[in-house]
Visitor: 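I'd like to ask you about the structure that follows.
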Amino acid sequence: MDGHVNIDRDDKVVAVEDSVNKGVKKKRRSQNQEDASGGQPPTQSIQPGAQNDGGVALDTNAAFSNDHVQENGPQGVVRRHQRGGGGAEQEPAGSAPPARRGTTQETRQSRHPPGEWEEVEEEEEELKYGAQHVIKLFIPVSLCMLVVVATVSSVTFYTEKGTYLLYTPFHEESQSIGDKVYDALRNALILLGVVVALTIVLIILYKKRCYKIIHGWLLMSSLLLLFIFTIIYMMELLRGYNLGMDWITVSICVWNFGVMGMVSIHWHGPLRLQQAYLIFIASLMSLMFIKYLPEYTLWMVLAVISIWDLVAVLSPKGPLRILVETAQERNEPIFPALIYSYTRMTQMLLEMEQWRAKLVHREKEIPQGGGMQKMDMWLEMEMLRLIPFHKNNARICLVNYYQLNIQPLKLDEITKIDAMEKDKILPERGVKLGLGDFIFYSVLVGKASSYGDWNTTIACFIAILIGLCLTLIMLAIFKKALPALPISITFGLIFYFSTSLLVVPFTEQLASEQVYI
Amino acid sequence: MAAVVSCVNRLLAHIFVLLVVLMDVNGNRVKHKIYEDIQGDMACFKRFNGTQEIGCTSKFSGNIGVVHVVESKEDLVWVYQRGPHQPYVLAITPRFLTSEVLKEAQNSGKVSGVVVMVEENKLDLPGGFSGETHCPNHELGLYNDSSQSEYSGYCWKEPWNPNGTSLLYMSWSFPIFLIDNETSINNIRDYYKTFNEPGTDGEPRSWPLCCMELKSNMFGTTNTEVCMRRRTIATSVFQPVNFCDPLSDYNIWGSVKPMNSSEVTPEKSVIIVAARMDAATMFDNISPGANSAISGMVTLLAAAGALYNLKDDIMKSEVEKNVLFVLYQGETWGYIGSSRMVWNMEKGDFPFKHQEDETDQISQMNLTHIDSFIELAQVGQGMTPVGSHLFLHTDPISNVDPEIGNETDTLLNLLEKYANSSGNVKFERANGDAPLPPASFQSFLKRVNISGVVITDHRDEFKNSYYESIFDDYRNVKYTSENESQETDMYHKHISRVAGVLASALYTRLTGNSKVIKADEKLTDDLLYCYMKNFSCQMFRDYGDRLPRDLFSDKPAKMYVSVKGGEGSRTTLTHLVFAKLLGEKVELNETKCKTESLNQVHQLYYFASLNNGTCVMSTVRKTEAMSPAFLIKDYNWQSGEYSTWTESGWQLTKAMIFLKPSVAEEVGLVCGGIASLLLSLALVYFMNSRADLLFGLTTPPAPC
Amino acid sequence: MTVAQFFGCALIAFGPPISMFALTIAKDPIRTIMLVASSFFWLLALLFSSILYTLSPSYRTPSSLELSSLSYFRNCLVSGLGFGMISGAFSLVNVLADMTGPGTIGMKGDPYNFFIASAVTSLAFIMLHVFWGILFVNAIHRRAYLQLAYVILCHMLASCITLINPLYSVTIPTVWILTILSGVLAFIVAGGSHRTIKAAIGGHPRVLQVTTSDGNTTATVNEG
Amino acid sequence: MCLAKLPNERKLTLCRKYYMAGFAFLPFMWAINAIWFLNEAFWAPPYPEQKQIRRYVIVSGVGALLWLVGLISWVVVFQQNRSVWGATADYMSFIIPKGVP
């Protein structure tokens, strides 16, 4: 769900140029107008972005900061200059995007806000711009939680214990809390070990550039999830309501559902559908966790994972760091598919193809002097206009990618092979929330709801949303990769326990006595 | 601010006090204010056989109905003719637990459930009530209709069980719950009085009425064939659903002399002394079976104990006879235990398949080894003011064979001799031209001609008017002990007398010389008390000191043969007691006191709390009692050869009582809700669209 | 089936706030975030006060909760709504959940109209929170301490009056009177009057203006 | 992904692929195809490939509907006759409801 509405893809670059050439103020204006257009649908090109992204690409810089250039790195700047030059030459060749850019510039002129309000308005416009993205994250997260909570509270299967994951050998049978916690701790550590191991494996694979393996693996896992887990889910649903069903119907339904899922996730499909699938997968995954992790272990795992997350992302030698560095020096996206929605990605690719096509058949128009490498430059800068490169976002992706990777079953990792092969140079952009985060948020809320007390559930829900908010804000402030789990999960845990221990007795007393506060 | 708070508090102080007094501290969830749980552990459940299903089930989500307490016929009439708020849940007293009432309820279509309120103190027993048919186990018995014997029709003319209502074998479309918990019953009555009871002129009350939800959804349906098939399918596909399980438990048996495979067992050498140890009712968790099962069982145990005290001279006697004491399981449901034993004997793997390698193992036994068969059926009501008066039934068909006839005669004579010598016991031969009453013996006679006798307390029809019903408890056999061993009680004396006579007769058969044996009255009394009144009695807790505590309830023992993994506590305890009675103390410590395999001639049992640690060596063991029908490959379920009874599985059975509002109120509420939504929508929309005019542009609230 | 009751009460209690949310707030991300944030702060306050409750299980807590949460941060309409919704949810959601069963309340001597009463009262309180939000903000930035006092007193009165439930005939009218009163005050403070109402009913909508007023609120948020 | 930005020939190929795939017992794919390209097929400003797209959309829409009807009727029939068909029905069952003949 990269919230990047096409228009600001263009404008941002424009903005960048401006800021490079003419300085901050104008650039800010550019942003105003970019949301002015972002705020209200009419502009055709904004439409998909505006509605599509359940979640966000919170383009940090655009949203909260005024200086693009510094952390774009020298190379970025250089390119921009080229682009500036090239763009200037090629403007007349009225290809679609330049034209679009033209129009936007005009609009910007026309919408110049009156003088003394400017500051305030810009302030709030920026804020709004960021807020939009936050909301775009809220929606899918809430949806995912909704699915999980609904299932948990309606189907007993996911709350009754008995069978456990292979990774949790200690089943908390004993009565004393102490032993339970001890078991839970050991389970959690084992799980953590698995996670670390997997991460390292992945790093190695990635370093060795064995993309094929990784993608095959991801494909397999998504296949498993989409078919087998769906069957289980369906079965439990039917069983919960004691409905009979025959194999023929079931197989047809599952076959259709699964294949459509694979197609829309790994190939082309309507964005909405794809997002729906991703949400569904995430919730399936978290349901599995709720079902197959012993009670205390689950809480412990949540805690341990978010701590480990913190370490791995922020510590200088954390595995993520390494991954990030490699990703950056290779200047390539990190499995975009691991992210809630990467359809922009495919779309970019398509656009890229368009560009190439155009360029190829426009080759003659290119000044003969340059020849091939000129053409390359062309391509490159076109790409740049298309998708300006943000380190941050790449890193955020990574963070989330990593989040994904901790699933013991690695089922939620979906990717797009041709995305990798077509263009190694395509950088990911926008803040992406990994499915992993979805899963863990939902696990927390779902688990809270499994005790049948709605106050707790609501409390956890709000706490997590707030945590998410804070994460994004900090992202804007620190401009460095931040793990998405710790804050939210910490809040969630705090509020779960405090609410269920302290608040609920109080509120239930109040409710049953009909005392209002 | 604080000042304000404090003053307000002082202001409201007295209200606080009031509230704190008023408010209930526990369970603040509003749920607890709405629902009241009613005892729901004694539900009527479903059973299946090859052709039919019996019992009751509720809908998947439970049956809800307006509670109507039935004290008299009029109440029923009111429900069927005037009651406007159907469906109803009838709360009846045991008097109304008859097939007529239930049939009427089912046909009226106005009843969604029935609750039977059994109050200990003011119990109005129906004159006679038995869930069984007139001819218990007729179909699977020796004289079933398909058999050519001239006695096949006998029972229909002269029913053994005239009080039989066949209630147990009927299928009901609504759940039936039994409630004997005081508070639950009082709750039902009180709420009924406050909310539901019609006015004096039968004027029905208006909503809200107090309703009841009965939830006892049975998984299985149709018949054993269907539900077993579905079970196998479910297991093969995904995690299993126990649509139904075969009735099964264990036969418990032991021989006086050890039967070692090293020495050969002579033909016609084993006297089988049998009793059945299970009873049934239509409800879960209650099956007292005082006369139908316990009387015979305890007699057998007492006789075994008395006989085994003289084991020394039995062992050294030259007579090559042996006595096999057997407690059969599941006899109520088509002679499961006995037919299984016969089946195994025919297959030649009773008690176990012969292991080549093992030296110390129990010898095989088959039908030819059986000398004669003595069965203790219901003997509980043979108590007369002067003593005991019992009847000896024999099988007219096998007696036609002169040899068998003679053997039977001698056996009867022997018994009568000792009865007379004991003075206050009278054994009278039942009508020689009548077939046997329902008895395990029949399973053997179906296969082999052997002499035998069935000892009962009735000549023609059952004395027991509550055969296989919830009322067949200690009252039915006039057992009066309040705690272990009371001299005043006559019943245990009666049982001991019979046991004594039996023991003496057996002693004579074993040794050839005669001797009058008295059974231990203390023992019989303890056993009777433990089985009929308090299962967690001292004796059982001593014997079963290794069993989990929760097996012991202070209710009477549940004599129902359950399914595999069902409640086997009474089997286990009987097994232990039996082992102790038919075993000798050996000097082994707890660690040594273990048996490697069931095949061994002697089994070792350790009782930690019997004079601080006793190891007992005994021949008593248990073999599975599950109908052969479930072991024979593609057995034809319709062929009434073996018992095909299965019990349905279920999630839980629960009952609760609550108040139900009128539909009008609910509709009103929904309308109100929708109205509030729409109104607010309209208002907010208006205010939004006209915001500029509403909040005049004069004062835009400056930022704080 | 008393799912009907569930829907009825749920709509009664949460219909108005939901429509407010849907029409005024949902389309503005910042406000939505504010909504969540404010409810979060309400949670914090509740947590704090329930700690007091666990320490001393008396009814002092409601009022002290109020003070604490009020003293926590400034509110505006949105955050007021946030307060209202979360408090409404906390007071009602479990009751609603229990309604879904087959039965209704009243068998054990509780009033029959328990559900409807709690629905109506929590609606009143949600609205009260909204109005208080508006009044409070105005009071703060206009230094109008009378308003401030009114808000606090009103809140305490409302909360304390519910202590004498289930005397609905007393509590519900009082609470609703307070609600209407505060509503009118809030309306006036926000710049409304009978004149403007007339104008509004007669006049034509001008959407552009709405955005500016939005701007102001958001600006408020910015600083608050 | 956003169709509007695709070049027409790509739209066509995509639509065709979906249509073809639908024949592998994938009515759902047809349904998606129909809904997804509905706008392109009927309301979008006309372009050469539109005619074909329209055809595909219509066919797959109809196909999907037929499948839906067929499936629903099958389910109804099965549920009606489950108890009648006895063993066969049981063996065909993915879930056998509890307590229902």
Side-chain angles (χ1 to χ4, degrees), chain B residues 43-48 50-63 113 171-175 214-245 634 636-638 646-653, chain D residues 2-5 18 20-36 38-40 42-45 60-61 63-101:
Chain B
C44 154
F45 57 95
K46 272 203 180 299
R47 298 189 188 92
F48 312 94
T51 55
Q52 60 171 344
E53 63 180 314
I54 64 173
C56 340
T57 179
S58 78
K59 296 201 202 70
F60 181 69
S61 55
N63 287 24
S171 177
W172 306 107
S173 59
F174 46 71
L214 303 177
K215 192 166 187 179
S216 65
N217 179 247
M218 298 295 146
F219 294 169
T221 50
T222 325
N223 57 33
T224 296
E225 183 179 6
V226 170
C227 69
M228 288 303 276
R229 180 180 68 223
R230 290 186 174 177
R231 180 189 171 173
T232 42
I233 293 173
T235 323
S236 65
V237 177
F238 290 111
Q239 76 244 47
V241 182
N242 59 332
F243 284 100
C244 62
D245 311 280
D634 37 39
N636 169 16
W637 302 101
Q638 278 73 29
T646 52
E647 175 186 318
S648 168
W650 65 84
Q651 188 86 51
L652 84 167
T653 64
Chain D
C2 161
L3 279 179
K5 314 184 61 50
Y18 264 69
M20 291 304 175
F23 284 103
F25 304 103
L26 290 170
F28 188 39
M29 210 141 186
W30 273 343
I32 298 296
N33 192 18
I35 296 160
W36 196 18
L38 202 60
N39 188 22
E40 281 301 322
F42 294 100
W43 296 295
S60 36
L65 274 183
L66 287 183
W67 262 96
L68 189 66
V69 173
L71 202 62
I72 289 176
S73 41
W74 158 250
V75 169
V76 170
V77 168
F78 182 80
Q79 296 298 347
Q80 295 304 325
N81 303 338
R82 202 166 47 75
S83 53
V84 182
W85 292 347
T88 35
D90 284 352
Y91 284 111
M92 281 168 73
S93 290
F94 169 68
I95 295 278
I96 302 174
K98 297 164 180 170
V100 182

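Numbers restart at 1 for each chain; the letters A, B, ... are given by sequence-line order, proteins then strands.
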Visitor: With a 4.5 angstrom heavy-atom cut-off, which part of B:T57 approaches chain D: side chain, backbone, both or neither?
Guide: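 Neither part.
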Visitor: Please report the closest heavy-atom contact between D:I96 and B:F243, naming both atoms and the distance.
Guide: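 Taking D:I96 first and B:F243 second, the nearest heavy atoms are O-CZ, 3.6 Å.
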Visitor: Taking everything shown except D:F25 itself, do over 12 heavy atoms lie less than 6.0 Å from its CZ?
Guide: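 No, the 6.0 Å shell around CZ holds no more than 12 heavy atoms from other groups.
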Visitor: Out of curiosity, B:R229 CZ to D:D90 CG, how far, rounded to the nearest 0.5 Å?
Guide: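 It comes to 4.0 Å.
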Visitor: Among D:G86, D:P101, D:S83, which has the most heavy-atom pairs under 4.5 Å with chain B?
Guide: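 The candidate making the most pairs under 4.5 Å is D:P101.
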